Chemist: 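Okay, here's the structure, questions in a sec.
Side chains are part of it too, since the values below use all heavy atoms of this structure and drop only hydrogens, waters and symmetry mates. Bear in mind the structure is a predicted one, so any value in this text is a computation, not a measurement.
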Amino acid sequence: MPTSPAQISEGLIDFPYQGEVHQTYYKVFGDLQNRTRTPIVVIHGGPGLSHDYLLPLADLADQSCAVILYDQIGNARSTHLPDKPPTFWTIELFIDELENLLKHFGVQEEYNIVGHSWGGMLACELVVQRQPPGLRRLVISDSPPSLALWADSNKEIIQRFPQTVQDAFEKGFEDREGYWKALMEVHSIHGCRVKPFPKDLEYSLLQVYGEDADRTVGKSPILKDWTIIDRLHLIRIPTLIINGRYDIAQERIVKPFADHIPNSKWRIFEDSSHTPFWEEREEYMRFVGAFLAGESS
């Protein structure tokens, strides 16, 4: 937990890409200019959500350690591009945006990453593809190492629910309200077990599943047939793998990370599902904070 209230700044960063300039929204907790500890970059899930549901991670910020959150392009407060073809939306696009963010804040020589769900997948791709020399430590929180494993886990979990829930998932956005109700029923057990359901998490989910949502990113084929299992050995930095006991990212889903990343440790949060930073907030911050600081926990 922070020892004193961290300063907060927010704004937009220009992101030049393929001859156009887009904008990435950011929110920073802490003082980047006078930092004495490695800053933390937090990457949200989806694809298609927003940073809001990850605001508990601001607990890691204090006057000597800054936490940077942002909305990925196409999402929430960043530039929306509903007319772009599906081929525009690639993993490389989001890696380029992340590197642009790092350079803007001048932290590319030394930083840590906490990536949640899709954010953890994106962080892995950054490491494997770019081998960034400034990345010191990586937290992969509640992420799958392949889309096939993720789909298999979702299918298995949904089959445990009443037929009405299964039917709603089958219909999808043909009945958006029914789909949303079914999604919340599943998420109350396997997404976030906190009651009442956190408003920041609801807001982020509505970026994809809301009535007026821009689903351009969420429905794009970014992760079609995606897997990183055969490349995980290329992640050589200290890595912490996290999931919850009731997580959609079940133990068998997460296990390849632990099996193939050489310098990794794995923590299962026993009273959590997909968002242990909400469900076991204090212990999550203590454990992640110690890992990022290079301390034994």
Chemist: Please examine the side chains of N100 and P16, heavy atoms only from C-beta on, and report whether any two atoms are closer than 4.5 Å.
Modeler: yes
Chemist: Below 4.5 Å, heavy atoms only, C-beta onward: do I68 and L32 meet side chain to side chain?
Modeler: yes
Chemist: For the pair Y26 and F105, name the ring-plane relationship: parallel under 30°, tilted 30 to 60°, perpendicular over 60°.
Modeler: perpendicular
Chemist: Without hydrogens or angle criteria, can the side chains of S204 and S50 be said to hold a donor-acceptor pair below 3.5 Å?
Modeler: yes
Chemist: Nearest 0.5 Å, what's the OG-CG distance between S146 and L223?
Modeler: 10.5 Å
Chemist: Please walk me through it: do L122 and I91 pass side chain to side chain contact (heavy atoms under 4.5 Å, CB included)?
Modeler: CA-CA 7 Å; L122 178 58; I91 288 172; 4.3 Å; yes
Chemist: In terms of the angle between their ring planes, are H190 and F161 parallel, tilted or perpendicular, with boundaries placed at 30° and 60°?
Modeler: perpendicular
Chemist: Please answer whether the main-chain N or O of Q72 pairs with a side-chain N or O of H44 as donor and acceptor at a distance below 3.5 Å.
Modeler: yes
Chemist: Is there a path of hydrophobic side-chain contacts, each under 4.5 Å between heavy atoms of I/L/V/M/F/W/Y residues, joining V217 to L206?
Modeler: yes
Chemist: My understanding is that only residues two or more places apart in sequence, or in another chain, count here; which of them pass ring-ring contact (aromatic ring centres under 6.0 Å, His included) with F88?
Modeler: Y17
Chemist: Step by step, would you call H80 with T216 a side chain to side chain contact (heavy atoms under 4.5 Å, CB included)?
Modeler: CA-CA 8 Å; H80 286 242; T216 305; over 6 Å; no
Chemist: One pair to check against side chain to side chain contact (heavy atoms under 4.5 Å, CB included): E202 and M184. What are the steps and the verdict?
Modeler: CA-CA 9 Å; E202 181 181 10; M184 287 296 96; 5.6 Å; no
Chemist: Checking salt bridge (charged side-chain N to carboxylate O under 4.0 Å, His left out) for the pair E110/R35: CA distance, chi angles, key distance, verdict?
Modeler: CA-CA 11 Å; E110 184 182 12; R35 65 185 183 273; 6.0 Å; no
Chemist: Has the side chain of R136 got a donor or acceptor atom that lies under 3.5 Å from a matching backbone atom of G134?
Modeler: yes
Chemist: Can you see which heavy atom on I248 is nearest to which on I157, and at what distance?
Modeler: CA-CD1, 3.7 Å
Chemist: Closest heavy-atom contact between S143 and M121?
Modeler: OG-N, 4.1 Å
Chemist: Between S141 and Y284, is any side-chain donor less than 3.5 angstrom from a side-chain acceptor?
Modeler: yes
Chemist: Using 0.5 Å steps for rounding, measure from the CG atom of L55 to the CH2 atom of W278.
Modeler: 7.0 Å
Chemist: I'd like to check I113 versus V127 (side-chain heavy atoms, cut-off strictly below 4.5 Å). Are they in contact?
Modeler: no
Chemist: Is it the case that over 12 heavy atoms from other parts of the model lie below 6.0 angstrom from the CD atom of E156?
Modeler: yes
Chemist: Has R236 got a side-chain atom pairing as donor or acceptor with N263's backbone, closer than 3.5 angstrom?
Modeler: no
Chemist: Decide ring-ring contact (aromatic ring centres under 6.0 Å, His included) for Y179 and F169; before the verdict, give the C-alpha distance in whole Å, the side-chain angles of both, and the deciding distance to 0.1 Å.
Modeler: CA-CA 6 Å; Y179 184 86; F169 274 96; 5.2 Å; yes
Chemist: Rounded to the nearest 0.5 Å, what's the gap from CG on L149 to CH2 on W226? Could you check?
Modeler: 9.5 Å
Chemist: Do the rings of Y53 and F277 sit parallel, tilted or perpendicular, given the 30° and 60° boundaries?
Modeler: tilted
Chemist: Is the shortest side-chain heavy-atom distance between E99 and L126 below 4.5 Å?
Modeler: yes
Chemist: Could you walk me through whether V28 and E10 pass side chain to side chain contact (heavy atoms under 4.5 Å, CB included), step by step?
Modeler: CA-CA 6 Å; V28 177; E10 61 183 319; over 6 Å; no
Chemist: Check L57, V42, I8, D59 against F29 for a side-chain contact (heavy atoms from CB on, under 4.5 Å) and give me the one that passes.
Modeler: I8
Chemist: Would you say that H187 contacts C192 through its side chain, given a criterion of any heavy-atom pair below 4.5 Å between the two side chains?
Modeler: no
Chemist: Inspect the contact between K181 and D175 and indicate whether a charged nitrogen and a carboxylate oxygen are less than 4.0 angstrom apart.
Modeler: no
Chemist: Looking only at heavy atoms, which two atoms of V139 and L292 are closest? And how far apart?
Modeler: CG2-CD2, 3.8 Å
Chemist: Linking I/L/V/M/F/W/Y whenever any side-chain heavy atoms sit under 4.5 Å apart, do I228 and V254 land together?
Modeler: yes
Chemist: Out of the candidates W118, Y246, W150, F269, only one should pair with H274 under the ring-ring contact (aromatic ring centres under 6.0 Å, His included) rule; please name it.
Modeler: W150
Chemist: Within the side chain of E97, is there an N or O that forms a donor-acceptor pair under 3.5 Å with the backbone of I73?
Modeler: yes
Chemist: For the atom pair CG (L81) and CG (D214), what is the distance rounded to the nearest 0.5 Å?
Modeler: 8.5 Å
Chemist: Where is the tightest heavy-atom contact between I222 and T90, given as atom of each residue plus distance?
Modeler: CG2-C, 4.3 Å
Chemist: Would I158 end up clustered with I253 when hydrophobic side chains under 4.5 Å apart are linked, directly or stepwise?
Modeler: no
Chemist: Give the cluster check for L232 versus I241: same hydrophobic cluster or not, with ILVMFWY residues linked at side-chain heavy-atom distances below 4.5 Å.
Modeler: yes
Chemist: Identify whether the distance between the nearest side-chain nitrogen and carboxylate oxygen of R130 and D96 falls below 4.0 Å.
Modeler: yes
Chemist: Look at the side chain of R267 and the backbone N and O of L240, then say whether any donor-acceptor pair between them is shorter than 3.5 Å.
Modeler: no
Chemist: Roughly how far, to the nearest 0.5 Å, is the SG atom of C65 from the CG atom of L60?
Modeler: 7.0 Å
Chemist: Classify the ring geometry of F94 against W89: parallel below 30°, tilted from 30° to 60°, perpendicular beyond 60°.
Modeler: parallel
Chemist: Surrounding NZ of K255 (heavy atoms of other residues, nucleotides or ligands, distance under 6.0 Å), is the total greater than 12?
Modeler: no
Chemist: Would you find more than 12 non-hydrogen atoms of other residues, nucleotides or ligands less than 6.0 Å from E211 atom CD?
Modeler: no
Chemist: Which heavy atom of D152 sits nearest a heavy atom of R252, and at what distance?
Modeler: OD2-NH2, 2.8 Å
Chemist: Going by heavy atoms in the side chains, are R160 and I189 under 4.5 Å from each other?
Modeler: no
Chemist: Can you check whether V41 reaches L98 side chain to side chain, under 4.5 Å on heavy atoms?
Modeler: yes
Chemist: Work out which heavy atom in P86 is nearest to a heavy atom in P221; give both atom names and the distance.
Modeler: CB-CD, 3.7 Å
Chemist: Hey, could you give me the CG/OG distance between D142 and S272, rounded to the nearest 0.5 Å?
Modeler: 8.0 Å
Chemist: Would you say P276 and E283 make side-chain contact, with heavy atoms under 4.5 Å?
Modeler: no
Chemist: Report yes or no: does N112 contribute a side-chain atom to a donor-acceptor pair with the main-chain N or O of I40 at less than 3.5 Å?
Modeler: no
Chemist: Quick check against the 3.5 Å criterion: does S78 have a side-chain atom that pairs as donor or acceptor with the backbone of Y25?
Modeler: yes
Chemist: Take atom CD of Q163 as the centre, draw a 6.0 Å sphere, and report whether it contains more than 12 heavy atoms from other residues, nucleotides or ligands.
Modeler: yes
Chemist: So is R215 actually on top of F173's ring, under 6.0 Å and inside 45° of the axis?
Modeler: yes
Chemist: Can you confirm if the aromatic rings of F15 and H104 lie within a centre distance of less than 6.0 Å?
Modeler: no
Chemist: If you group Ile, Leu, Val, Met, Phe, Trp and Tyr by side-chain heavy-atom gaps below 4.5 Å, do I242 and M285 land in one group?
Modeler: yes
Chemist: Does I95 offer a backbone N or O that forms a donor-acceptor pair with the side chain of E125 under 3.5 Å?
Modeler: no
